[in-house]
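In what follows, every chain begins at residue 1, and chains take the letters A, B, ... in the order their sequences are listed.
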There are 2 protein chains.
Amino acid sequence: MPTMTAAQKRAQAKAEYDAFLANCPSRQLLDRISDKWVALVLAALGSDCPHPDGAGEPRSMRYSELSRQLAGVSQKMLTQTLRSLERDGLLTRTVTPTVPVTVTYELTNLGLSLHGLMRGLKVWAETNMDDILTNREKYDTTGGAT
Amino acid sequence: MPTMTAAQKRAQAKAEYDAFLANCPSRQLLDRISDKWVALVLAALGSDCPHPDGAGEPRSMRYSELSRQLAGVSQKMLTQTLRSLERDGLLTRTVTPTVPVTVTYELTNLGLSLHGLMRGLKVWAETNMDDILTNREKYDTTGGAT
DNA sequence: AGTGCCTACTTCCCGTCGGAGAGTTACCCA
DNA sequence: TGGGTAACTCTCCGACGGGAAGTAGGCACT
């Protein structure tokens, strides 16, 4: 690939994002979205469960609502996760000056496109839990006691 | 849930797996698969790229091969990740007593079912990298300097 | 015989990250 | 003035990940 304009190079670079490479930006992105709380936040911010096949529409949720739904998340991690997702443009943060201030979060279109995958992960985990548990038992019994 | 056989309880538990609950086993599973290295290992252990639309067949790879492909992974994390994936029955570990011992890893059917999702994540990251980068710039410029 | 090397780990040290929980701000109402 | 609530923010600390060096054991070369 010798003679090439900058634009062409850029276009090719875009096409060549490869998360397998340590220094590729997409690696950092994959790292960020490969996160328990990111997955759960994105899964939560779609419809609850009405459309198991379709992706589901974005659903705006309040901070406290998310905190309740994602049982066990610390406030620190929830805030931190939401901030990074907002920064990446996956969701929007809206402050409404009500009695005590109300903050709502809602998926953007970009976020919605990830939502499908994340919901897929969640569903996969719930679906294959039994198999996994069985495999673990087998592994621990068979190979565990060397 | 008073009178119930163990089998009934198990059946109900299966139906009620919900990764949103902190104490649900599927939460732990989601936590485990929401991992940078897990995602990359699973993505790597499918065909390289020949069938961008189809999932791709499982491809057995050697330890050193994985180590090379997943640039930047520490041996410790690679071993650790592979072990946990083996324990969960997502891949098989095969030791061949060749010159220096050769260890190959290959996806099981269960692993293959996750492979699709992981590849999806990786592709998503590579595809939307530009948007994300743009959003970050915008965010850092707009909201960064309060 | 001894030295070296190769693969696939394992061990140790240490910096960073996540969890727990208390504190803070801002506003309204009694 | 005191209390209550939502959405954080701060602090401490233990656990986890990365880097690098050490290990096993079998062949190959000198």
Please confirm whether the shortest side-chain N or O distance from Arg62(B) to OP1 or OP2 of dA8(C) is below 4.0 Å. yes
Please round to the nearest 0.5 Å and tell me the distance separating atom CZ of Arg59(B) and atom CG of Leu112(B). 13.5 Å
Selection: residues 76-87 of chain B, any non-hydrogen atom under 4.0 Å of DNA chain D: Lys76(B), Met77(B), Gln80(B)
Residues of residues 29-37 of chain B with any non-hydrogen atom less than 4.0 angstrom from an atom of DNA chain D: list those, numerically ordered, please. Lys36(B), Trp37(B)
Taking only residues two or more places apart in sequence or in another chain, which ones pass salt bridge (charged side-chain N to carboxylate O under 4.0 Å, His left out) with Arg136(A)? Asp88(B)
According to side-chain contact (heavy atoms from CB on, under 4.5 Å), who are the partners of Arg68(A), at least two apart in sequence or on a separate chain? Ser64(A), Glu65(A)
When you measure from the side chain of Ser26(A) to the backbone of Ala19(A), do you find a donor-acceptor pair of N or O atoms at a distance under 3.5 Å? yes
Under 4.0 Å from a heavy atom of chain B: give me the 5'-most and 3'-most nucleotides of DNA chain D that qualify. dG17(D) to dA21(D)
Taking atom CG of Leu133(A) and atom CD of Gln28(B), what is their separation to the nearest 0.5 Å? 9.5 Å
Is the shortest side-chain heavy-atom distance between Tyr63(A) and Thr102(A) below 4.5 Å? no
Taking only N and O in the side chain of Tyr63(B), is any of them less than 4.0 Å away from OP1 or OP2 of dC6(C)? no
Residues in contact with DNA chain D, drawn from residues 94-103 of chain B - heavy-atom cutoff 4.0 Å: none
Answer yes or no: is there a donor N or O on one side and an acceptor on the other, between the side chain of Ser34(B) and the main chain of Asp31(B), under 3.5 Å? no
Taking only Lys NZ, Arg NE, NH1 and NH2, and the carboxylate oxygens of Asp or Glu, determine whether Asp18(A) and Arg27(A) approach each other closer than 4.0 Å. no
Can you tell me how far CD of Gln69(B) sits from CG of Leu21(A), rounded to the nearest 0.5 angstrom? 9.0 Å
I'd like to know if the side chain of Thr104(A) reaches the main chain of Ser60(A), judged simply by a donor and an acceptor atom lying under 3.5 Å from each other, with no hydrogens or angles considered. no
Between the main-chain N or O of Thr81(B) and the side-chain N or O of Ser84(B), is there a donor-acceptor pair closer than 3.5 Å? yes
Heavy-atom donor-acceptor pair, Asn128(A) side chain to Asp131(A) backbone, under 3.5 Å: no
Is it the case that the side chain of Thr98(B) and the backbone of Pro100(B) share a donor-acceptor pair, with hydrogens and angles ignored and the cut-off at 3.5 Å? yes
